[in-house]
Amino acid sequence: MADLKTDVRFIRGIGEQRASALAKLGIHTLRDLISWFPRRYEDRSQIRRIADLTPGETACTAAMVAAAPTVSHIRKGLDLVKVRAVDESGALDVTFFNQSWLKNSLKPGQTYVFCGKAEGNLLLRRMTNPIVEPEGRQEATGRIIPVYPLSAGVSQRILSRSIRQGLDACADIMPDVLPDQIRRDHQLCHIGFAYEHIHFPTSFETLELARRRLAFEELFLFTLGLRRLRQRRETAPVEPFHPVDMEPFYKALPFTLTAAQRRCVEEALEDMTSGRSMNRLCQGDVGSGKTVVAAACAYFSVKNGRQAALMAPTEILARQHYEGLAPLLEPLGVRCALLTGANTAKEKRTLSAALAAGERDFVVGTHALITGNVEYHRLGLVVTDEQHRFGVGQRAALAGKGDHPHTLVMSATPIPRTLALILYGDLDVSVIDQLPPGRRPVQTSFVDSSYHPRIYRFLRKLAGEGRQAYVVCPQVSEREEGGDEQKAVTEYATKLQQEVFPDLRVAYVHGKMKPKEKEAVMSAFAAGETDILVSTTVIEVGVDVPNAAVMVVENAERFGLSQLHQLRGRVGRGPWQSYCVLISDNQNEETRQRLKVMTKTADGFQIAEEDLRLRGPGDFFGQRQHGLPGLRVADIGCDAQLLREAQAAADALLERDPELKSCPATAGRMAELFTEAADTLN
């Protein structure tokens with residue numbers, strides 16, 4: 001008998017071939033399969049008469065094939081199948097490209113449902129490449145149709161049929177992890193109904209019942225897990241650090257800390273002297289001075305006889321941190337080191353031995369810090385920069401190099417408070433909500449593509465003054481079949497170099513390049529050897545180039561506001577006035593209002609709140625690497641009230657039954673979800 005961990009290969013009707021296709025989506029078990037939720041739905045439940053089809057709209061109509069289809073061979077690789085279908089109100093001419101098998105499957109005199117975009121005029125309607133199936137089948141038409149995220153080799157029809165097989169296989173074995181009392185108190189449907197109607201809704205009402213139930217369950221389990229993690233951390237004793245005179249550190253700084261920076265340092269030091277492990281997020285806008293908070297914590301750790309490590313996502317960023325922090329800390333008696341993939345094998349061995357012997361106090365590096373043979377003498381503090389760029393395992397591995405080391409994670413992605421509870425629910429949050437004095441705001445404008453000639457003239461003028469520029473290329477949309485981000489970047493860079501700026505130095509960087517190639521391009525840009533860098537969003541978190549004064553973003557409507565804010569933060573780091581130009585031809589009024597927000601405020605938290613309101617949490621959950629179970633159904637932007645209900649229910653249950661002995665199914669599912677996360681967050 002199947003259970004939810006059964007390999008999909010063994011589900012009736014799936015088999016080896018389909019299982020290997022599903023594996024490309026990360027679907028391996030029965031639970032994976034039934035939890036592969038639709039990303040949207042299409043209402044194909046309404047069947048219209050041909051005469052009622054509106055040109056330009058997508059709709060379904062049931063019509064009888066009037067005569068045998070004809071096939072025309074236009075040229076090699078292009079066949080057309082044409083067929084006329086009729087109902088009592090009119091005629092519909094249908095054309096199919098390269099689907100010659102339809103000639104024999106569409107039978108004259110039989111009625112089919114055609115679903116597609118209507119074209120033509122009042123006298124004769126047309127459709128091109130519609131979905132078609134015999135009337136009454138109701139597999140692809142005649143109902144609300146789920147639309148799933150796909151990969152190559154898996155069609156909507158294959159996935160839908162596989163999920164149907166999966167639901168049939170587990171109809172009698174699906175455990176309900178919500179205690180009955182909680183389900184009744186919050187008027188939630190049974191789990192079987194929820195899974196059936198999230199995939200195969202009979203109406204939008206049943207779909208909402210299913211979605212609400214599954215979203216509540218996610219938020220409930222999530223809250224339970226976070227409460228338990230925090231409980232465990234607060235009861236795990238660690239040797240408290242003793243107070244240290246921080247004045248030598250503050251006096252060594254070439255500037256005065258802002259009040260917000262000072263507050264964040266004090267919150268962290270209080271954690272480290274409390275007798276429990278610090279688990280703190282230091283969150284602040286690009287340029288707000290998070291690194292100096294990390295430096296203060298490292299100094300405090302070293303003066304307590306412990307080592308500190310700072311892990312950055314790229315070699316170039318690690319090198320920048322080291323070059324900025326070592327001259328500050330070494331005169332204060334902190335022995336610093338840099339460890340990245342660029343170190344030779346001999347250098348790595350020497351440095352590892354020095355760390356193990358306690359001859360180095362503070363090490364900055366990339367994931368090289370966590371390779372198996374790197375050992376620490378007494379690791380007391382772990383700092384990760386831009387922590388969402390690291391996988392769960394990498395962060396856990398670094399923390400595992402010490403005995404309950406204190407953890408500080410830094411992020412320049414401003415996150416609304418409600419979302420921070422979800423992303424970083426077990427972390428205490430410090431916010432740097434001030435920029436250092438004297439920092440000039442980046443002038444931001446929003447224009448359409450007719451401004452390209454003016455923008456290019458402006459780039460040339462600034463290049464003549466010695467400044468540099470980023471040009472971020474259009475993201476490739478999932479709707480664009482065969483869209484290629486690499487091609488978009490390389491073609492645009494070539495155009496700029498050959499047609500627009502033949503006398504300037506244009507380079508490009510994209511996500512498909514090897515890490516060493518990316519590092520080389522970014523290093524050259526940082527060294528001033530490139531005038532214009534064309535890029536995808538790989539530069540969103542990256543190198544500090546004070547000389548870069550312009551950020552141009554093409555097709556800006558395809559980015560979330562928080563992402564645009566991150567991109568804008570790449571410029572404005574030097575003494576010159578800097579500029580951000582957002583280019584979009586999108587005429588949707590809501591989209592245009594959203595982009596105009598960027599021109600009105602530089603407050604990352606305000607922008608993040610607006611982004612959450614307009615787009616939901618997709619931007620923030622993009623990488624799903626924050627170490628907590630991902631939310632598949634719940635939408636924090638829309639489900640804030642449901643989150644409050646779920647949190648109240650979880651708290652009440654834990655108060656009655658702290659060990660969850662009365663509901664083993666709940667405890668088991670929560671443990672499964674948090675298996676990986678528990679290591680990272682403690």
Side-chain angles (χ1 to χ4, degrees), residues 2-6 8 11 25 27 29-43 45 138 143-149 156 159-225 422 616-617 621 629-650 653 660 663-673:
D3 66 30
L4 293 179
K5 293 178 182 174
T6 299
V8 290
I11 304 301
L25 292 166
I27 296 173
T29 66
L30 179 53
R31 187 189 289 284
D32 294 338
L33 180 61
I34 64 171
S35 301
W36 191 261
F37 297 122
R39 58 188 168 94
R40 61 185 176 86
Y41 298 84
E42 287 183 6
D43 186 3
S45 58
Q138 289 201 323
R143 61 187 182 89
I144 297 167
I145 301 294
V147 179
Y148 296 96
Q156 294 288 347
L159 194 53
S160 186
R161 285 177 177 174
S162 299
I163 289 169
R164 178 71 273 160
Q165 301 284 359
L167 289 174
D168 291 345
C170 67
D172 301 324
I173 60 163
M174 203 179 295
D176 201 327
V177 301
L178 282 185
D180 281 346
Q181 189 60 50
I182 288 175
R183 191 177 52 73
R184 285 194 295 270
D185 288 348
H186 295 273
Q187 299 175 313
L188 301 165
C189 64
H190 282 282
I191 191 65
F193 182 96
Y195 272 95
E196 178 67 29
H197 288 268
I198 199 86
H199 290 293
F200 301 102
T202 53
S203 68
F204 282 104
E205 288 74 25
T206 64
L207 172 58
E208 180 50 30
L209 284 173
R211 199 202 72 80
R212 186 173 181 274
R213 153 66 209 235
L214 292 169
F216 183 97
E217 181 180 306
E218 278 186 340
L219 297 168
F220 175 75
L221 291 170
F222 200 95
T223 303
L224 279 179
I422 294 299
F621 286 111
L631 296 178
R632 292 168 177 262
V633 184
D635 177 334
I636 303 305
C638 305
D639 291 330
Q641 176 57 36
L642 202 62
L643 172 62
R644 284 190 284 273
E645 283 186 43
Q647 287 174 330
L653 177 61
L660 302 179
C663 34
T666 308
R669 184 66 186 132
M670 182 194 69
E672 281 176 26
L673 288 171

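Values reported hereafter were calculated over all heavy atoms of this structure, with side chains retained and with hydrogens, waters and symmetry mates removed. By convention here, the first residue in the shown sequence is residue 1.
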A.B. asks: Quick one: do Asp43 and Phe204 satisfy side chain to side chain contact (heavy atoms under 4.5 Å, CB included)? Show the steps, please.
C.D. replies: CA-CA 9 Å; Asp43 186 3; Phe204 282 104; 3.7 Å; yes
A.B. asks: Could you tell me which non-hydrogen atom of Thr223 sits nearest to which non-hydrogen atom of Leu219, and how far apart they are?
C.D. replies: OG1-O, 2.8 Å
A.B. asks: To check you understand the geometry: which heavy-atom pair defines the closest contact between Leu642 and Ala215, and what is its length?
C.D. replies: CD2-CB, 3.7 Å
A.B. asks: Report the residues that fulfil side-chain contact (heavy atoms from CB on, under 4.5 Å) with Phe193, sequence neighbours left out, ordered by chain and then residue number.
C.D. replies: Cys189, His197, Thr206, Leu209
A.B. asks: Starting from the C-alpha separation in whole Å, work towards a yes-or-no answer on side chain to side chain donor-acceptor pair (under 3.5 Å) for Arg184 and Gln181.
C.D. replies: CA-CA 5 Å; Arg184 285 194 295 270; Gln181 189 60 50; 3.3 Å; yes
A.B. asks: Kindly indicate whether the side chain of Tyr148, heavy atoms from C-beta on, has any atom under 4.5 Å from the side chain of His199.
C.D. replies: yes
A.B. asks: Taking only residues two or more places apart in sequence, or in another chain, which ones meet Arg40 in a salt bridge (charged side-chain N to carboxylate O under 4.0 Å, His left out)?
C.D. replies: Glu42
A.B. asks: I'd like to know whether Leu167 forms a side chain to side chain contact (heavy atoms under 4.5 Å, CB included) with Leu33, so could you lay out the CA-CA distance, the side-chain angles of the two residues, the decisive distance to 0.1 Å, and finally the verdict.
C.D. replies: CA-CA 9 Å; Leu167 289 174; Leu33 180 61; over 6 Å; no
A.B. asks: Where is the tightest heavy-atom contact between Asp32 and Ile27, given as atom of each residue plus distance?
C.D. replies: CB-CA, 3.8 Å
A.B. asks: Which atom names give the shortest non-hydrogen contact between Met670 and Gly225, and what distance separates them?
C.D. replies: SD-N, 3.4 Å
A.B. asks: Ignoring hydrogens and geometry, is there a side-chain-to-backbone donor-acceptor pair from Asp185 to Ile182 under 3.5 Å?
C.D. replies: no
A.B. asks: Please give me the minimum heavy-atom distance between Cys663 and Leu653, naming the atom from each residue.
C.D. replies: SG-CD2, 3.9 Å
A.B. asks: Would you indicate whether the side-chain heavy atoms of Asp176 and Arg213 approach each other to under 4.5 Å?
C.D. replies: yes
A.B. asks: Do any N or O atoms from the side chain of Tyr195 and from the backbone of Ser35 form a donor-acceptor pair under 3.5 angstrom?
C.D. replies: no
A.B. asks: With side chains defined as the heavy atoms from C-beta onward, is the minimum distance between Phe216 and Val633 less than 4.5 Å?
C.D. replies: no
A.B. asks: So, for Gly166 and Ile34, which heavy atoms are closest and what is the spacing to 0.1 Å?
C.D. replies: C-CG2, 4.0 Å
A.B. asks: Name the residue from Leu207, Ile145, Val147 that meets the side-chain contact (heavy atoms from CB on, under 4.5 Å) definition with Tyr41.
C.D. replies: Leu207
A.B. asks: With heavy-atom distances below 4.5 Å as the criterion, would you say the side chains of Ile198 and Arg211 are in contact?
C.D. replies: yes
A.B. asks: Can you find a heavy atom in the side chain of His190 that is under 4.5 Å from one in the side chain of Arg183?
C.D. replies: yes
A.B. asks: Applying salt bridge (Lys or Arg N to Asp or Glu O under 4.0 Å) to Arg164 and Glu196, what does each step give before you reach the verdict?
C.D. replies: CA-CA 9 Å; Arg164 178 71 273 160; Glu196 178 67 29; 2.8 Å; yes
A.B. asks: Hey, could you give me the CD/CZ distance between Gln187 and Arg212, rounded to the nearest 0.5 Å?
C.D. replies: 7.0 Å
A.B. asks: Let me confirm one number: the CZ-CG distance from Arg669 to Leu224, rounded to the nearest 0.5 Å.
C.D. replies: 13.0 Å
A.B. asks: So, Thr666 side chain and Leu178 main chain: donor-acceptor pair closer than 3.5 Å or not?
C.D. replies: no
A.B. asks: Just to verify, what does Phe200 make a ring pair (Phe, Tyr, Trp, His ring centres under 6.0 Å) with, not counting sequence neighbours?
C.D. replies: none
A.B. asks: Is there a donor-acceptor contact under 3.5 Å from the side chain of Ser160 to the main chain of Gln156?
C.D. replies: no
